Structures are given as C-alpha cells and as structure tokens.
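Every value quoted in this text rests on a predicted model; they were computed, and no experiment measured them.
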2 protein chains.
Amino acid sequence: MGIAERKERDKEELRERILGAAKTLFLEKGVEKTSIRNIADLIEYSPGSIYHYFKDKNEIFHALHQGGFQQLMSRMEVVASQADPMERLKRMGAIYVDFALENPDMYDLMFIKEAPMDHVSNSNDEQWKEGFGTFNFLRATIKECILTGHFRGHEEEALSFLVWSTVHGMVSLHIRRRCEVVLAQRQATIVKDGLHEFFSILDRLSS
Amino acid sequence: MGIAERKERDKEELRERILGAAKTLFLEKGVEKTSIRNIADLIEYSPGSIYHYFKDKNEIFHALHQGGFQQLMSRMEVVASQADPMERLKRMGAIYVDFALENPDMYDLMFIKEAPMDHVSNSNDEQWKEGFGTFNFLRATIKECILTGHFRGHEEEALSFLVWSTVHGMVSLHIRRRCEVVLAQRQATIVKDGLHEFFSILDRLSS
DNA sequence: AAAAATAATTGAACACTGTTTAAAATCAAA
DNA sequence: TTTGATTTTAAACAGTGTTCAATTATTTTT
C-alpha cells in the first residue's frame with residue numbers, strides 16, 4: 001500500500017507549501033494584510049483549496065506559530081550550560097530580544113495579541129506549558145542569582161516579572177511601532193541600546 | 001453672524017458623536033473589527049458622511065489616540081511641582097501604572113493595539129505631539145536625574161526608553177493576560193509588586 | 001418670497017477581504 | 001471501464017474601506 005502513503009506525503013507537502021507561502025507573506029507584509037488569495041496565488045492554487053488543509057486563516061497562523069514557544073525555549077537552552085547565573089540572565093535577555101526582533105509576528109502572537117477565550121479550555125494549551133517553561137527558566141536563574149548573593153533585598157517572583165516586563169516592554173513597543181517618540185536618529189538602535197542599559201543596571205545590582 | 005458659529009458647533013457636535021461611537025466600538029470589538037459602517041449605523045448616518053469629518057479610518061483612530069495622551073499628560077502634570085527629580089520619576093511611574101490599570105481599554109488603544117497607521121504616508125507627527133509630550137516629560141526628568149548625579153554612566157535617551165519599557169511591559173502583560181505564568185497567589189498584586197521592586201532598583205541607582 | 005449658491009448627506013458603486021459550496025476534474029480501486 | 005472517493009476549482013455570499021455623482025437641506029443673494 002505505497003500509494004496511500006504517497007498520497008499522504010503529497011497532501012502533507014501541499015500543507016507545508018501553504019504554510020511556507022503564508023510565512024513568507026506574513027513576514028513580508030504582515031498577517032492582517034495578507035489575504036488567503038495572496039497565499040493561493042503564490043502556490044498557484046485556488047483560494048478555496050486552502051480550506052481543505054486549514055479550517056481558516058487563524059489556523060494557518062496558529063500552525064505557523066505553534067512551535068514558537070518551543071523555538072524560544074530551544075534558543076534558551078543553549079545557555080543552560082552557563083554556570084554564572086548573572087551571565088546566563090544577560091544572555092537570556094539578549095536571546096529573548098533577538099527572538100522577538102527576528103520573529104515579530106510570532107512574538108506578537110505569543111505575547112502581545114489578544115488571547116483567545118478558548119485557549120484555556122482547548123487542548124492546545126501545550127503552548128502555554130512551554131510559556132510556563134520559559135518563565136520558570138527565568139525564575140530559576142534569578143533564584144540562583146539571589147542565592148549567590150546578587151539582587152540583595154529583592155524578591156524572586158516580583159523581580160522575575162520585572163525583568164521579563166522590561167525586555168517585553170522594549171520589544172513590544174518596538175513591534176507595535178510606539179518608538180517614534182524617541183529621537184529619530186536613535187530609533188533604529190533603541191531596543192539594543194535599551195538592552196545595553198539594562199545589562200549595565202543588572203551589573204550594578206550584582207554586588 | 002451667530003449662524004455660522006452655530007453651524008460650526010453643529011459640525012463639531014457630529015464630529016464628536018462620530019468619535020464617541022468609534023471609541024465605543026473600538027474598545028468593544030477592536031479597531032480592526034470595527035467598520036465605518038458600524039460607526040455610521042450607531043450614529044444613524046450613512047457611511048459616506050463620515051468621510052466629510054475624517055479623511056479615513058486612521059484619522060478617527062488618531063483623534064481618539066490623541067485624546068488618551070491628553071488625559072495621561074494632564075495626570076502627569078500634577079507632579080511637575082515635585083522638585084526632586086528622582087521622587088518625581090517614581091511618582092510618574094506610579095501615575096502611569098495607575099492610569100493603565102484604571103483605563104485598561106484606553107491604554108490598550110494607546111500603546112498595545114495594532115495601530116492601523118500607514119507609517120510611510122502618515123509620518124506627520126502632529127498626531128504624535130501628545131505622545132512626544134509625555135515621553136519628553138520623562139526624558140526631561142531623567143536628564144535632571146543625571147544632572148543631579150544620579151544614574152551615573154547611563155545615557156539619557158536609552159535609559160528613558162528603558163524606564164518606559166519597564167512600566168509598559170508590566171501593565172501590558174497584565175492587560176493582555178500573560179501573567180498566568182506567575183505564581184497564582186501573586187497574580188493579583190504582581191504589577192504593584194513589580195513596580196515596588198522597580199522603585200527599589202531606582203533607589204539603588206540613585207547613588 | 002423666489003432664486004441661486006453652498007453645504008451636508010446619501011446610496012450606489014468599486015475593488016478588495018474571508019469563507020462556503022456546488023460542480024468539475026482527478027485518480028485509485030473494482 | 002465504471003465506480004467512488006478525493007482534490008480542485010470557480011462562482012457566490014456577505015463583509016470591508018473608500019469614492020463619488022446625485023439628492024436633499026440650508027443659507028445667501030436677488
């Protein structure tokens with residue numbers, strides 16, 4: 001029965017081609033401004049046939065970003081070997097910002113976009129487990145920092161939230177285009193500059 | 001010529017009614033999912049007539065946007081009398097967070113929601129004047145802090161952005177319900193707790 | 001008061017959008 | 001070759017932002 005398998009492979013291949021085209025267009029001109037017809041045109045199929053592979057546009061979006069948390073987590077894991085928790089914390093911040101700036105649409109879905117009402121009840125809270133995972137990783141690192149004498153007088157949970165908020169704040173203001181209030185000549189680098197200032201502050205809080 | 005004035009007032013009144021309806025619908029179902037026809041229906045006018053008062057949908061969004069900044073700015077002005085820039089900075093942070101938590105929908109519109117602006121054609125910064133105003137206020141305060149010996153080694157622009165990002169990050173994670181990853185018993189107070197930690201950090205950076 | 005000018009409002013139209021669906025094409029199995 | 005099940009398509013539906021000629025209402029001028 002090799003035929004059924006080949007058909008299955010063909011179907012999967014077209015699914016992937018749809019996802020590829022969608023990803024290209026989403027990153028190129030944004031999710032909202034990409035139409036199903038645009039995607040269909042790119043892969044030279046009719047708009048209708050896309051609905052044989054995905055329930056709707058949201059599902060395409062969802063499928064594309066399903067691995068978002070896992071991607072971020074796998075990026076984070078490369079610093080697990082870093083013994084110094086303060087150094088690890090800074091590297092995590094850089095990885096987080098890089099991920100957001102390189103995948104603004106994914107980041108948008110993961111951390112900015114209005115969370116759908118059914119995301120708790122549905123089975124796809126797998127993604128949220130990954131979300132918990134990344135925050136736990138941050139919390140564990142900060143706990144280590146505190147245990148090794150850093151951040152004296154600060155509290156683990158609130159500080160973890162504050163650190164996350166700081167990097168999230170920078171990238172989300174950038175992604176949602178609220179950086180136009182900063183000096184024009186600084187706009188291109190303001191997130192990286194802000195992160196640098198943040199690292200500098202972390203260094204000061206080390207001792 | 002009181003007639004011309006009355007006409008002017010009538011015109012302004014309809015303009016305000018359009019803005020009122022738009023605000024209601026934008027906050028209720030989002031900017032993108034609110035149509036000109038929805039707004040027209042609510043005020044019982046035809047869709048076309050709205051275009052006699054606003055160039056396009058973007059202009060309606062910007063008008064509301066501007067109103068929000070005026071609100072925030074007027075709240076900020078009450079600390080202008082505070083002589084100590086560090087104390088003023090902290091009070092500004094508290095005011096910002098309070099504004100966001102008390103008016104989450106407006107904050108959402110101002111700083112989180114996808115701005116439908118065509119940033120290429122709409123580089124006219126008239127709309128952002130108010131935005132510039134509040135950020136300039138922050139920048140000026142931080143400049144004062146630096147001039148009075150605080151934040152040694154830090155740079156005005158990037159630090160201003162970082163401070164803004166930190167408070168924005170906290171409130172936007174809260175508004176968009178991403179705080180479920182923090183400990184359950186802390187979720188209710190995590191923004192206030194985070195702000196407290198932030199103030200504590202600012203104190204450390206004072207000297 | 002009647003006519004002209006001006007302003008406000010409308011509804012239809014245009015080119016889009018996401019999505020549905022009946023029909024057509026394709027193709028493995030009988 | 002015929003059957004039966006997929007796959008694909010084109011057309012249609014209901015919606016979108018926006019434009020515009022035509023209509024209506026109002027003010028100004030005669």
Novice: Give the nucleotide from the list D:dT18, D:dT8, C:dT20 with an atom nearest to the side chain of A:Tyr51.
Specialist: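 So the side chain of A:Tyr51 is nearest to C:dT20.
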
Novice: Could you state the atom-to-atom distance from CD1 of B:Ile36 to C1' of D:dG15 in whole Å?
Specialist: 14 Å

Novice: Between C:dA8 atom P and B:Glu12 atom CD, what is the distance in whole Å?
Specialist: 13 Å

Novice: Tell me what B:Ser49 touches on the nucleic acid: a base, only sugar-phosphate, or nothing, going by heavy atoms under 4.0 Å.
Specialist: base

Novice: Round to the nearest Å and state the distance from A:Lys33 atom NZ to C:dT17 atom P.
Specialist: 12 Å

Novice: Atom CG of B:Asn58 and atom P of D:dT16: how far apart are they, to the nearest Å?
Specialist: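 For the pair B:Asn58 CG and D:dT16 P, the rounded distance is 17 Å.
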
Novice: Within the structure, does a side-chain N or O atom of A:Ser46 lie under 4.0 Å from either OP1 or OP2 of D:dA10?
Specialist: no

Novice: Taking the nucleotide of DNA chain D with the nearest heavy atom to each, does A:Gly48 or A:Arg37 sit closer to the 5' end?
Specialist: A:Gly48

Novice: Please tell me whether B:Phe111 and B:Phe69 form a close aromatic pair, meaning their ring centres lie under 6.0 Å apart.
Specialist: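 Yes, they do, as the ring centres are separated by less than 6.0 Å.
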
Novice: Check A:Ile190, A:Leu183, A:Asp193 against B:Phe161 for a side-chain contact (heavy atoms from CB on, under 4.5 Å) and give me the one that passes.
Specialist: A:Ile190

Novice: In whole angstrom, give the distance that lies between atom OH of B:Tyr45 and atom P of C:dT10.
Specialist: 7 Å

Novice: For a quick test of reading the model: is some side-chain N or O of A:Asn38 closer than 4.0 Å to OP1 or OP2 of C:dG18?
Specialist: no

Novice: Rounding to a whole Å, what distance do you find between B:Arg15:CZ and C:dA8:C1'?
Specialist: 16 Å

Novice: Look at all strands and tell whether A:Leu14 reaches a base, only sugar-phosphate, or nothing, counting heavy atoms closer than 4.0 Å.
Specialist: sugar-phosphate

Novice: Whole Å only: how far is the CG atom of A:Asp56 from the P atom of D:dG15?
Specialist: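 In whole Å, D:dG15 P and A:Asp56 CG are 18 Å from each other.
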
Novice: Under a 4.0 Å N-O cut-off, is there an ion pair linking A:Glu144 with A:Arg88?
Specialist: yes

Novice: Looking at B:Arg91 and B:Asp84, is any side-chain nitrogen of the basic one under 4.0 Å from a carboxylate oxygen of the acidic one?
Specialist: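 Not counted as a salt bridge, because no side-chain N and carboxylate O are separated by less than 4.0 Å.
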
Novice: Could you give the CZ-to-P distance, from B:Phe54 to D:dT19, as a whole number of Å?
Specialist: 15 Å

Novice: Are OP1 or OP2 of D:dT8 and a side-chain N or O of A:Tyr53 less than 4.0 angstrom apart?
Specialist: yes

Novice: Is there a donor-acceptor pair under 3.5 Å between the side chain of B:Thr34 and the backbone N or O of B:Leu25?
Specialist: yes

Novice: Report the residue (B:His52 or A:His52) whose heavy-atom-nearest nucleotide on DNA chain D is the more 5′ of the two.
Specialist: A:His52

